[in-house]
Amino acid sequence: MRIFDPHIHMTSRTTDDYQAMYTAGVRAVVEPSFWLGQPRTSPASFLDYFDSLLGWEPFRAAQYGIAHHCTIALNPKEANDPRLTPVLDELPRYLAKDRVVAVGEIGYDSMTPAEDTAFAAQLQLAADHELPALVHTPHRDKLAGLRRTLDVVRESALSPDHVLVDHLNETTVKEAKDSGCWLGFSVYPETKMDEERMVAILRGYGPEQVLVNSAADWGSSDPLKTRRVGDLMLAEGFTEDDVDLVLWRNPVAFYGLSGRQDLDVDATDATHEGNSVLRGGE
């Protein structure tokens, strides 16, 4: 089983996670830029973070045979802090870089006017840079949040078939599918979706344009949830081709819209910018 996790925050995970993911079949990931838990107070902290997504994490992933890509954006939650909105002016130089395969995560957290502004501006940046967009739907009042999200997408210069609407569930999947957007589902141990609910949705709506992710971060999450979904799909009568479509070919197709996807993993040595990263090494 080959797996592409299209939404995982490896900055928050350990090297043991990379090893376990590789053993489970994960060969590629996309790491969206996101809220780190501790609120940032300066645009400069975003730039350091973006640099790590473009340098350190691809290097770390390659040591475990995993191709790493990222998406870059001012996330919805922190778009509400006026000290951070200058980040929007810095995004174009990052969106031009290799291995940036989408603008994201963008969208809504609390559905504020500030989030409206940042969302619309970043959809325009995606269109300007000929990139797809990864859109975060709010965890509260999900159906209203989805409808507001789709309204903004329709008003933008970006085609719906270049938009991945993430964190969907049973209440939002039909309208999201009808919109023509790609469908993203985050599978968690306790919140969001679980494996059984995910397989039920796949049975009801089909595997086309569906991406399943672990969204694993610093909270209660599991970077092997993609594999657990694949195993349950097989146990519930889906074919190996169905599993491959959902867990590999769909994310490859969506992020391939960027023209920057590179699934070949370059071998790395034990150092990064002169510093040893292999504990116990010389």
Side-chain angles (χ1 to χ4, degrees), residues 6-7 9 30 32-41 43 45-46 49 71-91 95 102-128 131-188 190-193 197 201 211 213 215 217-221 254:
H7 182 156
H9 301 289
V30 166
S33 55
F34 80 135
W35 178 56
L36 294 176
Q38 173 67 29
R40 284 173 278 210
T41 60
S45 60
F46 276 85
Y49 171 55
T71 75
I72 296 291
L74 172 61
N75 66 82
K77 187 175 183 67
E78 291 181 294
N80 291 294
D81 188 337
R83 295 174 298 179
L84 305 180
T85 52
V87 172
L88 294 170
D89 297 327
E90 301 290 341
L91 292 180
L95 297 178
V103 178
E105 298 177 54
I106 59 176
Y108 287 116
D109 179 62
S110 300
M111 291 185 279
T112 65
E115 292 171 21
D116 285 330
T117 299
F119 186 17
Q122 292 180 100
L123 284 173
Q124 185 61 53
L125 284 172
D128 292 344
L131 289 172
L134 170 61
V135 175
H136 175 286
T137 55
H139 300 303
R140 303 172 298 278
D141 201 3
K142 291 194 74 67
L143 186 56
L146 174 75
R147 289 170 175 168
R148 187 162 171 177
T149 295
L150 295 179
D151 285 343
V152 177
V153 169
R154 292 185 189 104
E155 293 167 0
S156 76
L158 197 64
S159 171
D161 62 8
H162 278 58
V163 175
L164 170 57
V165 182
D166 210 348
H167 305 314
L168 296 174
N169 63 14
E170 295 89 343
T171 67
T172 53
V173 58
K174 184 180 186 304
E175 290 192 32
K177 185 176 179 67
D178 291 345
S179 75
C181 294
W182 292 73
L183 314 178
F185 297 87
S186 301
V187 183
Y188 264 39
E190 299 171 6
T191 60
K192 301 184 175 71
M193 300 293 296
R197 292 166 59 199
I201 284 177
L211 283 72
N213 65 72
D217 56 17
W218 32 253
S220 177
S221 51
F254 177 74

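- When every heavy atom of His136 is checked against every heavy atom of Pro76, the shortest pair comes out as CB-CG, 4.3 Å.
- Considering every non-hydrogen atom in both Leu74 and Ala79, the closest pair reads CD2-CA, 3.9 Å.
- Under the 4.5 Å side-chain criterion, counting only non-hydrogen atoms from C-beta, Val103 is not in contact with Thr71.
- Applying the side-chain hydrogen bond (donor to acceptor under 3.5 Å, both in side chains) rule to Ser110 yields the partners Arg140; only residues at least two apart in sequence or on another chain are considered.
- Closest approach of Gly184 and Leu164 over heavy atoms only: N-CD1, 3.6 Å.
- Under the salt bridge (Lys or Arg N to Asp or Glu O under 4.0 Å) criterion, the residue pairs touching residues 155-173 are Glu170-Arg197, with sequence neighbours excluded.
- Between Ala127 and Ala157, the closest heavy-atom pair is CB-CB, 3.9 Å.
- Of the possible polar contacts, one joining the His9 side chain to the Pro32 backbone as a donor-acceptor pair under 3.5 Å is found.
- In this structure, Phe254 and Pro6 have side chains that are not in contact, with every pair of non-hydrogen atoms separated by 4.5 Å or more.
- Leu91 is listed as a side-chain neighbour of Ile72, based on a closest heavy-atom distance under 4.5 Å.
- Rounding to the nearest 0.5 angstrom, the gap separating the CZ atom in Phe185 from the CE atom in Met193 is 6.0 Å.
- Qualifying side-chain contact (heavy atoms from CB on, under 4.5 Å) partners for Ala114, counting only residues two or more places apart in sequence or in other chains: Asn80, Thr112.
- The two residues Leu84 and Arg40 come nearest to each other via the heavy atoms CD1-O, 3.6 Å.
- With respect to Leu158, the side chain to side chain contact (heavy atoms under 4.5 Å, CB included) criterion is satisfied by exactly one of Val152, Leu125, Val135, Val163: Val163.
- In summary, Asp151 and Arg148 do not engage in a salt bridge, as defined by a charged side-chain N under 4.0 Å from a carboxylate O.
- Within the structure, no pair that satisfies the ring-ring contact (aromatic ring centres under 6.0 Å, His included) test touches residues 142-165, not counting sequence neighbours.
- Partners of Ser221 by side-chain contact (heavy atoms from CB on, under 4.5 Å), not counting sequence neighbours, listed by chain and number: Arg13, Tyr188, Ala216, Asp217.
- In this view, Thr172 and Asn169 satisfy the side-chain hydrogen bond (donor to acceptor under 3.5 Å, both in side chains) rule, not counting sequence neighbours.
- For Gln122, there are no side-chain hydrogen bond (donor to acceptor under 3.5 Å, both in side chains) partners two or more places apart in sequence or in a different chain.
- Remark: Asp89 pairs with no residue by the salt bridge (charged side-chain N to carboxylate O under 4.0 Å, His left out) rule, at least two apart or across chains.
- Asp81 places none of its side-chain heavy atoms less than 4.5 Å from the side chain of Pro39.
- Of the candidates Val153, Leu134, Leu183, Leu146, Val165 forms a side chain to side chain contact (heavy atoms under 4.5 Å, CB included) with just one, namely Leu146.
- Separating the CZ atom in Arg154 from the OG1 atom in Thr149 is a distance of 10.5 Å, to the nearest 0.5 Å.
- Using a 3.5 Å distance cut-off with no hydrogens or angles, the side chains of His167 and Ser186 do pair a donor with an acceptor.
- The side-chain contact (heavy atoms from CB on, under 4.5 Å) check on Ala144 picks up Asp141, with sequence neighbours excluded.
- Leu95 has its side chain within reach of Leu131: a pair of non-hydrogen atoms, C-beta onward, lies under 4.5 Å apart.
- Minimum heavy-atom separation, Ala73 to Ser33: N-OG, 3.0 Å.
- Take Phe119 and apply the ring pair (Phe, Tyr, Trp, His ring centres under 6.0 Å) test, not counting sequence neighbours, and it matches Tyr108.
- Partners of Asp109 according to the side-chain hydrogen bond (donor to acceptor under 3.5 Å, both in side chains) rule, which considers only residues two or more places apart in sequence or in another chain, do not exist here.
- Residues satisfying the salt bridge (charged side-chain N to carboxylate O under 4.0 Å, His left out) test with Asp128, not counting sequence neighbours, are none.
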